[in-house]
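Following: one structure in structure tokens, then a few remarks.
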Amino acid sequence: HQAHSQTQMNGQTFEYGNFFDGELTKKKQDGSYRVFQTVIRKVDAPSRVHTNSNKEFTTLQQALYGPLQPNVTVWCSNDYLGMSQNPSVLAAAQQCLQRHGLGAGGTRNISGNGIYHELLEQELASLHQKESALVFSSGFVANDATLSTLAARMPGCIVYSDASNHASMIEGIVRSRAKKHVFRHNDVEHLEELLRQSDRAAPKIVAFESVYSMCGSIAPIEQLCDVAHSYGAITFLDEVHAVGLYGQHGGGVAEKLNLLNKVDLISGTLGKAFGCFGGYVAGNADVIDYVRSFAPGFIFTTSLPPVVAAAACASIQYLKQHHELRAVHQAKVAEVKQRLRQARLPVINSPSHIVPLLVGNAEKARAVSRLLMEKHNIYVQAINYPTVARGAERLRITPSPLHTPQMMDHLVASLQSCWREMDLPYADSTHQQQKQQQKQQGEERALRRPAAQRARAMSMAAMQARCCRSCSWQYDDDRAVPSRCGAIGMHGTAALATLQAQQRCECVASECSVCSVKRTRCAGVECVCLSLAIAIFGTAA
């Protein structure tokens, strides 16, 4: 063992122990070291868990048969709709398990291709109105394998990636070794600027997400697709945090906005709103067959257990038929956001179901999470670097249809208690800090631009007269900064062109129902922010 653990490098022995200890120490010191919370779920208590804090379960038999007392309320689960405990899903899993056993038996190529995998792929293709779909062992693998395979094997391929894309997409793009460009988050104009400089004949992929899981922003899907296709690129849309939750049948934001025909490839997961496990990609039959034939992440991996495929198939079918569950979910999300804002807690504005609560410090974020668990029996995980940028540490709250008004009351009261105990700033006191940080980031971006572009941007800014660059509404005070408008997550800066010709107009004071920013409406200009909110959430919002 010692002989294998010591490698000669330039005549000296590499100190493995010192290296690993040193790297872990750095991670603990900067607050990004992660500690996992043990949670034990119970079927008849969908929003609560048993934490095993007293170490009463130490063996498999105890875990399987010991008494459970789920007394901790979970507010950070990605099982957004509670489908992992839906009776229809459990019944399909139990029947499949009793009928076929557990494992798949191998890769899809070697004895691992079952009827449930094929039925599941048919359901997924139908859900996204595509010709074909392919199931992977996880959403991460689906993104990684698809992007790395396509970008690596298409000669001269160039990839354009949103700055806030998930690590799975970044990993696939990096591993492909294809030429890549990163465009600013949800910035259609920056994407077009980059595409304009490319070889029109070269194959290109524009990769982005619909709902970004840590900030809750929503991509301007239609504009991104239109720009991508105008320059001969194909689009890759990650709907991982949207499938099951948006659209009449749960097909995601693209279905909700009737844009499925504009997206070339859609990836998703079975492990969040569908409550199961696995990932997939859907698109034209030839592209999916190409990925099936060339992606190592698919070819050399044991396929999903039939019981998981059957359960996922049942979950998709259920959510296709039960749109009311999505409506209840959105209502609960809106209620939680309203209660948190009324309590002056620093909610980061988002048009989606993600409710980020800004803390701004890694140690304090972990401390609040720990206090919630130890004193209030609430589990909300702290989100630190590298998942979010340093200084943007937060709690990520995900309401579900299963959370009751009493649970909401307890959550808000507990957060207020933690804010007082930790002496954390409230929403009104953090606004100036956020505004200063946004201003500094904008100045840093401006300095990186060429001189001519900076001059053009300054000229455009002077013409905007403090108008929201996304929804064309004019703000009535200097508290409102463009990045606070929830519509920017959907539209980016594409609306800037219309603002150049906009003249000062007669205005009527009003307040945005999405971002809660006081502003004035320019006569005759429809608020894009509001119209898209209605498109996604319905008029009930």
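No hydrogens, no waters, no symmetry mates; every other heavy atom, side chains included, goes into these values.
- Looking only at side-chain heavy atoms (C-beta outward), Cys276 and Val89 come within less than 4.5 Å of each other.
- Across every non-hydrogen atom of His185 and Cys215, the tightest pair is NE2-SG, 4.3 Å.
- Thr387 and Arg34 share a donor-acceptor pair across their side chains, judged by distance under 3.5 Å alone.
- Distance check, rounded to the nearest 0.5 Å: NE2 of His249 to NE2 of His323 gives 9.5 Å.
- The backbone N or O of Ala242 lies less than 3.5 Å from no partner atom in the side chain of Lys272, so there is not a single donor-acceptor pair.
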For this session: Starting from the C-alpha separation in whole Å, work towards a yes-or-no answer on side chain to side chain contact (heavy atoms under 4.5 Å, CB included) for Val355 and Val347.
Result: CA-CA 7 Å; Val355 186; Val347 180; 4.1 Å; yes

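- Checked by atom type and distance alone, the side chain of Asn54 never pairs as donor or acceptor with a backbone atom of Glu56 at under 3.5 Å.
- Residues His50 and Val72 have side chains not in contact (no heavy-atom distance under 4.5 Å, counting atoms from C-beta outward).
- Summarising the geometry, atom NZ belonging to Lys364 is positioned 10.5 Å from atom CH2 belonging to Trp419; distances are rounded to the nearest 0.5 Å.
- At least one side-chain heavy atom of Ser47 sits less than 4.5 Å from a side-chain heavy atom of Ser400.
- Between the side chains of Ser77 and Asp79, no donor N or O sits under 3.5 Å from an acceptor N or O.
- In this model, no donor atom of one side chain and acceptor atom of the other lie less than 3.5 Å apart for His410 and Thr73.
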Identify every side-chain donor-acceptor pair in residues 261-270 under 3.5 Å, counting partners at least two apart or on other chains, and give the distances.
residue	atom	partner	partner atom	Å
Lys262	NZ	Glu222	OE2	3.3
Lys262	NZ	Asp226	OD1	2.7
Lys262	NZ	Asp226	OD2	3.3
Asp264	OD2	His229	NE2	2.9
Asp264	OD2	Thr235	N	2.8
Asp264	OD2	Thr235	OG1	3.1
Ser267	OG	Asn143	OD1	2.7
Thr269	OG1	Gly271	N	3.0
Thr269	OG1	Gly278	O	3.1

Problem set entry | Worked verdict on His100 versus Tyr116 for side chain to side chain contact (heavy atoms under 4.5 Å, CB included) | CA-CA 11 Å; His100 304 289; Tyr116 299 104; 2.6 Å; yes

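- Side chain of Arg326 to main chain of Gly244: a donor-acceptor pair is present (N/O by atom type, distance under 3.5 Å, no hydrogens or angles).
- Between Lys320 and Ser126, the side chains place a donor N or O and an acceptor N or O closer than 3.5 Å (distance only, hydrogens not considered).
- Between the side chain of Thr301 and the main chain of Gly297, a donor-acceptor pair closer than 3.5 Å is present.
- Note on Glu363 versus Arg366: salt bridge recorded, some NZ/NE/NH1/NH2 to OD/OE distance being below 4.0 Å.
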Exercise. When you look at Thr38 and Thr51, which way does the side chain to side chain contact (heavy atoms under 4.5 Å, CB included) test go after all the steps?
Worked result: CA-CA 5 Å; Thr38 301; Thr51 60; 6.0 Å; no

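- With Glu239 contributing its side chain and Ala254 its backbone, the two residues share a donor-acceptor pair below 3.5 Å.
- Side-chain contact check for Asn384 versus Val388: every heavy-atom pair is 4.5 Å or farther apart.
- Put simply, the side chain of Lys332 does not reach to within 4.5 Å of the side chain of His353, judged on heavy atoms.
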Problem set entry | side chain to side chain contact (heavy atoms under 4.5 Å, CB included) assessment of Leu304 paired with Phe277 | CA-CA 8 Å; Leu304 288 180; Phe277 183 80; 3.9 Å; yes

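- Within 6.0 Å of CG on Asn258 lie no more than 12 heavy atoms contributed by other residues, nucleotides or ligands.
- Using modelled atom types, no side-chain atom of Asp409 and backbone atom of Ala413 make a donor-acceptor pair closer than 3.5 Å.
- For the residue pair Gln317 / Glu123, a side-chain donor-acceptor distance below 3.5 Å is found, with atom types taken as modelled.
- Between Ala367 and Met422, the closest heavy-atom pair is CB-CE, 3.6 Å.
- Counting heavy atoms of neighbouring residues, nucleotides and ligands inside a 6.0 Å radius, atom CD of Glu335 exceeds 12 of them.
- With values rounded to the nearest 0.5 angstrom, Ile378 atom CD1 is found 13.5 Å from Glu374 atom CD.
- Within a 6.0 Å radius of OH in Tyr385, no more than 12 heavy atoms belonging to other residues, nucleotides or ligands are found.
- Relative orientation of the His403 and Trp75 rings is parallel, given thresholds of 30° and 60° on the angle between their planes.
- Met83 CE to Leu325 CG: the interatomic distance, rounded to the nearest 0.5 Å, is 7.0 Å.
- Contacts of Ala343 classified as side-chain contact (heavy atoms from CB on, under 4.5 Å), with partners at least two apart in sequence or in another chain: Leu345, Val412, Gln416.
- Side-chain atoms of Asn361 and Arg390 include no donor-acceptor pair closer than 3.5 Å.
- Ring centers of Tyr280 and His128: under 6.0 Å apart, within the cut-off.
- Nearest heavy atoms, Ser352 versus Gly216: OG-O, 2.6 Å.
- Residues Ser84 and Arg41 bring a donor and an acceptor atom of their side chains to less than 3.5 Å of each other.
- The shortest side-chain heavy-atom distance between Arg396 and Asn78 falls under the 4.5 Å cut-off.
- With rounding to the nearest 0.5 angstrom, the NE2 atom of His241 is 10.0 Å from the OG1 atom of Thr398.
- Judged by distance alone, with hydrogens and angles left aside, the side-chain atoms of Glu121 form no donor-acceptor pair with the main-chain N or O of Leu119 at under 3.5 Å.
- Contact record, Tyr80 with His329: O-CD2, 3.9 Å, taken as the closest heavy-atom pair.
- Side-chain rings of Tyr212 and His166 stay apart, their centers remaining 6.0 Å or farther from each other.
- Not a single donor-acceptor pair under 3.5 Å links the side chain of Arg48 to the backbone N or O of Gln69.
- Relative to the ring axis of Tyr246, Lys256 does not place its NZ or CZ within 45° and under 6.0 Å from the centre.
- Residues Leu319 and Leu81 meet the side-chain proximity criterion, which asks for heavy atoms closer than 4.5 Å.
- Note: Leu237 CG to Leu224 CG = 9.0 Å, rounded to the nearest 0.5 Å.
- Between Phe136 and Phe298, the ring center distance clears the sub-6.0 Å criterion.
- Scanning both residues, Val182 and Ala163, for their nearest heavy atoms gives CG1-CA, 3.5 Å.
- Residues satisfying the ring pair (Phe, Tyr, Trp, His ring centres under 6.0 Å) criterion with Tyr379, sequence neighbours excluded, are absent altogether.
- In this structure, the side chains of Glu421 and Lys375 come closer than 4.5 Å at one or more pairs of heavy atoms.
- The shortest non-hydrogen separation linking Ala142 to Gly279 is CB-C, 4.2 Å.
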